[in-house]
Amino acid sequence: MTNIKRVAGLALVILTGVVSIMPVQASWQRKWTIGYEKNTNGPEKKVQGTNGWYFMYSEAVNTEGKFDAANAKECIWTDKGSCRMWYDYKEMWMPAPYAEEGYDCLASDCWWRMDGNGIMDPNVKEGAVSSVIAWEAPEDGTYSVNSEYAAGSMPFDWTGRDYDDGDGLTLYLCTDTDTVDKAFCGVKPDTGKKVVDNMPSGSLKGEVKLKKGEKIYIVADPGENGGSDIATVKMEIIQEEGESIRTFWRIIMGAGIAASVLLIGLIIFLALRGRKARIESEEDVE
């Protein structure tokens, strides 16, 4: 009876250990996010390509859902240019032309904003540009992408001047070759105040197969008029298939098989040991 209890207890410990590993898939699962208070593998450093994230712009606008990655250029992390000071940002990602010495953001109504954590406002009245966040796949695999957004044109009055030029913007979820999903975000109701309430909102979703080094993009296209355009996105990318996923499950399966073999071996050993003890006891009685 004692041996049986020991075997049962050992079996419980082994099985509990194996089962406890299984939920690790959810937390271990390769995931990247941007736009959340706490990102998973997000862009902590102000360096392009950190954990796969890139912050870009494109002079191609009003493209009707077609995005040419060849037109996208990387922004620079800077404390110069644009009208970032009115947003209370010391530094941000910015197209290089807006950071040049002598650039007059007020003359061109350039209220561009890209903070590196989901805000991408292509708010430039003169010389509209698209705002782009890109993510580069670390290996071949299948990736699911979900991006929640609040975006559109936001008319408001600031210091007695009306800013109501926007004609809405279009968000695209793209790869290097295809448009996965898109949504047009129009002009929000004029509340008379500069507050981001009641903005057009929704989500862009898709599942894509990427080769190592290929990118997924979310693009804020301001159309012909970039005035008063604003976009806030939360994007989550999860690797569904790939070598890392297969390796993880091989480890789990290997651990389960090893635990099962060990358990069976212990049961056989204890059974033989018990049988031997019974035989010896019977011989002593005789």
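None of these values were measured; they are calculated from a predicted model.
Proximity of N71 to E59: side-chain heavy atoms (C-beta onward) are nowhere separated by under 4.5 Å. For the pair E240/E207, a side-chain contact is recorded, criterion being any heavy-atom separation below 4.5 Å from C-beta on. The shortest distance between side-chain heavy atoms of W32 and P43 does not fall below 4.5 Å. Considering only heavy atoms from C-beta on, T170 stays 4.5 Å or farther from C185 through its side chain. A 4.5 Å side-chain heavy-atom check between P222 and S130 finds at least one atom pair inside the cut-off. Side-chain contact between E44 and N51: present, with at least one pair of heavy atoms (C-beta onward) separated by less than 4.5 Å.
In plain terms, the two heavy atoms of I76 and A99 that are nearest each other are CD1-CB, 4.0 Å. Closest non-hydrogen pair, S108 versus V124, comes out as O-CG1, 4.4 Å. In this structure, M92 and M114 approach most closely via the heavy-atom pair CB-O, 3.3 Å. Residues A69 and D176 come closest through the heavy atom pair CB-OD1, 3.7 Å. Across all non-hydrogen atoms, the minimal contact from A231 to L169 is CB-CD2, 4.4 Å. The heavy-atom pair separating A128 from G226 by the smallest distance is CB-N, 4.1 Å.
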Verify ring pair (Phe, Tyr, Trp, His ring centres under 6.0 Å) between F67 and Y217, making sure each step is shown before the conclusion.
CA-CA 9 Å; F67 174 68; Y217 305 86; 5.0 Å; yes
Run D79 and K90 through side chain to side chain contact (heavy atoms under 4.5 Å, CB included) and show every step you take.
CA-CA 6 Å; D79 62 354; K90 293 182 179 179; 5.8 Å; no
Would you sort out whether E224 and D167 count as a side chain to side chain contact (heavy atoms under 4.5 Å, CB included), showing the intermediate values?
CA-CA 8 Å; E224 295 181 356; D167 55 358; 4.2 Å; yes
Salt bridge (Lys or Arg N to Asp or Glu O under 4.0 Å) between E139 and K212: does it pass, once the steps are laid out?
CA-CA 4 Å; E139 66 180 23; K212 180 179 179 180; over 6 Å; no
Residue pair I133, Y54: steps toward the side chain to side chain contact (heavy atoms under 4.5 Å, CB included) verdict
CA-CA 6 Å; I133 294 177; Y54 291 83; over 6 Å; no
Given the rule in the ring pair (Phe, Tyr, Trp, His ring centres under 6.0 Å) test, do Y98 and Y103 qualify, once you have shown the distances and angles that lead to the verdict?
CA-CA 6 Å; Y98 301 166; Y103 178 79; 5.4 Å; yes
Should Y89 and R113 be marked as a side chain to side chain contact (heavy atoms under 4.5 Å, CB included) after you check the CA-CA gap, both sets of side-chain angles, and the distance that decides it?
CA-CA 9 Å; Y89 283 94; R113 180 167 50 154; 3.4 Å; yes
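Separation of atoms OG (S144) and CD1 (I238) is listed at 4.5 Å; rounding is to 0.5 Å. Note that the CD1 atom of I237 and the OG1 atom of T33 stand 9.0 Å from one another [nearest 0.5 Å]. Atom OG of S228 and atom CG of D121 lie 10.5 Å apart (nearest 0.5 Å). Between the SG atom of C110 and the CG atom of D104 there is a distance of 10.0 Å, given to the nearest 0.5 Å. Atoms OG1 and NZ, on T78 and K46 in that order, are 13.5 Å from each other to the nearest 0.5 Å. To the nearest 0.5 Å, atoms CE (M120) and CH2 (W93) are separated by 14.0 Å.
With hydrogens and angles disregarded, a donor-acceptor distance shorter than 3.5 Å links the side chain of S58 to the backbone of A60. A donor-acceptor pair under 3.5 Å is formed between the side chain of D181 and the backbone N or O of K205. A donor-acceptor pair under 3.5 Å is absent between the side-chain atoms of S201 and the main chain of A150, judged by distance alone. In this structure a side-chain-to-backbone donor-acceptor pair under 3.5 Å is missing from E236 to V145. Side-chain atoms of D109 do not come within 3.5 Å of backbone N or O of G227 as any donor-acceptor pair. A donor-acceptor pair is defined here as one N or O able to donate and one able to accept, closer than 3.5 Å; such a pair exists between the side chain of N117 and the backbone of Y36. With hydrogens and angles disregarded, a donor-acceptor distance shorter than 3.5 Å links the side chain of D221 to the backbone of T63.
One hydrophobic cluster, built from ILVMFWY side chains closer than 4.5 Å, holds both L210 and I34. A continuous path of hydrophobic side-chain contacts links Y149 to I216 [ILVMFWY only; heavy atoms under 4.5 Å]. In this structure, V180 is a member of the same hydrophobic cluster as L204, with clusters built from ILVMFWY side-chain heavy atoms closer than 4.5 Å. Connection of W111 to V61 is not established within any shared hydrophobic cluster, with ILVMFWY side chains joined at heavy-atom distances below 4.5 Å, either directly or through further cluster members. Cluster membership check: M235 does not share its hydrophobic cluster with Y172, using side-chain heavy-atom separations under 4.5 Å among Ile, Leu, Val, Met, Phe, Trp and Tyr.
A cation-pi contact, defined as under 6.0 Å to the ring centre and within 45° of the axis, is absent between K209 and Y143.
Below 30°, between 30° and 60°, or above 60°: for Y57 and W112 the angle between ring planes is above 60°, a perpendicular geometry.
Between K234 and E148 there is no salt bridge, since none of the side-chain N atoms of the basic residue sits less than 4.0 Å from a carboxylate O of the acidic one.
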